[in-house]
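Input: a single structure, listed below in structure tokens.
Residue numbers start at 1 and run along the sequence shown.
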Amino acid sequence: MILFENSIVKLDYSPATDILEVAYPDLHGYLLPEIKHTITIMMDYIKNYDVKKLLLDSTRTLISVSDEESREVAMTLAAGIMTTRVGKVARVQSPSREVEQTAQGNISHLKETQQLPFELRNFTSKTEALAWLKG
């Protein structure tokens, strides 16, 4: 069921599996304020539905911002998730080498600077990611 949708994200929640699927947004400079606001909205839905499993799908993500701006979005997202009861986050990788390099740098930075209260794993397919979340 669709909990929320705007021009940035669609929150697709499955109560049967307690998995919230979110397509990771395109990162363009002019969208950054709206992306940060949307992350706040997303966290409200995660808290209200007491979501424990999150699937971030980066397969279609485009990035046209600096590494610093991308990292800031990733840190905002991680900080938001830390305020919820999410225990598992599965990320489906992008086929773009550039997007993946940026994402891996952000994930490494997160793990070095934060004590993450949730498991975070990368997958090359949505099927694998869902199987891990359900397991």
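The closest side-chain heavy-atom distance from Ser70 to Asn106 is below 4.5 Å. Two residues are said to be in side-chain contact when any heavy atoms from C-beta on lie closer than 4.5 Å; Ile41 and Phe4 meet this criterion. When side chains are defined from C-beta on, Thr59 does not count as touching Thr61, because their heavy atoms never get closer than 4.5 Å. Considering only heavy atoms from C-beta on, Gln93 comes within 4.5 Å of Gln104 through its side chain. Looking at Val92 and Leu55, their side chains come closer than 4.5 Å, going by heavy atoms from C-beta outward. Looking only at side-chain heavy atoms (C-beta outward), Ile39 and Val9 stay at 4.5 Å or farther from each other. Inter-residue side-chain proximity for Ile35 and Leu32 is flagged as met; some heavy-atom pair is nearer than 4.5 Å. Residues Val89 and Leu133 fail the side-chain proximity criterion, which asks for heavy atoms closer than 4.5 Å.
Judged as a side-chain contact (heavy atoms from CB on, under 4.5 Å), and not counting sequence neighbours, Arg60 has no contacts. By the side-chain contact (heavy atoms from CB on, under 4.5 Å) test, Glu119 pairs with Lys88, Arg121, Trp132, sequence neighbours left out. When the side-chain contact (heavy atoms from CB on, under 4.5 Å) test is applied to Ala23, no partner is found at least two apart in sequence or on another chain. With sequence neighbours excluded, the residues forming a salt bridge (charged side-chain N to carboxylate O under 4.0 Å, His left out) with Glu100 are Arg91, listed by chain and number. Every side-chain contact (heavy atoms from CB on, under 4.5 Å) that Pro15 has, sequence neighbours left out, goes to Met1, Tyr13.
Between the side chains of Thr38 and Asn6, at least one donor-acceptor pair of N or O atoms lies under 3.5 Å. The closest side-chain donor-acceptor pair between Ser7 and Glu34 falls under 3.5 angstrom.
Rounded to the nearest 0.5 Å, atoms CD (Glu5) and CG (Asp12) are 9.0 Å apart. For the atom pair OG1 (Thr17) and CG (Leu130), the distance works out to 7.5 Å, reported to the nearest 0.5 Å. Summarising the geometry, atom CG belonging to Leu62 is positioned 8.0 Å from atom OG belonging to Ser94; distances are rounded to the nearest 0.5 Å. Interatomic distance, CG of Leu20 versus OH of Tyr49, reported as 10.5 Å (0.5 Å rounding). Taking CZ of Arg85 as the reference point, atom CG of Asp18 lies at 9.5 Å (rounded to 0.5 Å). Here Tyr24 contributes atom OH and Leu77 contributes atom CG; the two are 5.5 Å apart, rounded to the nearest 0.5 Å.
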* Going through the distances and angles, do Ile107 and Asn122 end up as a side chain to side chain contact (heavy atoms under 4.5 Å, CB included)? -> CA-CA 10 Å; Ile107 290 168; Asn122 277 312; 3.5 Å; yes

* Pair Lys10-Glu21, salt bridge (Lys or Arg N to Asp or Glu O under 4.0 Å): steps then yes or no -> CA-CA 8 Å; Lys10 176 169 74 171; Glu21 285 188 43; over 6 Å; no

* To do: Take Met42 and Leu11, measure what side chain to side chain contact (heavy atoms under 4.5 Å, CB included) needs, and give me the verdict at the end.
  => CA-CA 8 Å; Met42 188 170 119; Leu11 306 181; 3.6 Å; yes

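Distance alone, capped at 3.5 Å, is enough to place a donor-acceptor pair between the Thr102 side chain and the Glu98 backbone. When atom types are taken as modelled, the side chain of Ser108 and the backbone of Gly105 share no donor-acceptor pair closer than 3.5 angstrom.
Cluster membership check: Met75 does not share its hydrophobic cluster with Leu27, using side-chain heavy-atom separations under 4.5 Å among Ile, Leu, Val, Met, Phe, Trp and Tyr. Linking Ile, Leu, Val, Met, Phe, Trp and Tyr residues whenever their side-chain heavy atoms come within less than 4.5 Å places Leu31 and Val22 in a single cluster. When the side chains of ILVMFWY residues are joined at heavy-atom separations under 4.5 Å, either directly or via intervening members, Ile81 and Tyr45 end up in a single hydrophobic cluster. Leu56 and Leu110 are members of different hydrophobic clusters when ILVMFWY side chains are connected at heavy-atom separations under 4.5 Å. At a threshold of 4.5 Å between side-chain heavy atoms, the hydrophobic network of Ile, Leu, Val, Met, Phe, Trp and Tyr places Ile19 and Leu120 in two separate groups.
The minimum heavy-atom distance between Leu116 and Lys111, with the atom names listed, is CD1-CG, 4.1 Å. The shortest non-hydrogen separation linking Ala78 to Phe118 is O-CE2, 4.2 Å. Between Ser64 and Gly29, the shortest heavy-atom distance links the atoms OG-N, 4.4 Å.
Residue-environment remark: NE2 (His37) stays at or below the threshold of 12 foreign heavy atoms within 6.0 Å.
Annotation: salt bridge (charged side-chain N to carboxylate O under 4.0 Å, His left out) contacts involving residues 67-83, sequence neighbours excluded, comprise Lys36-Glu72.
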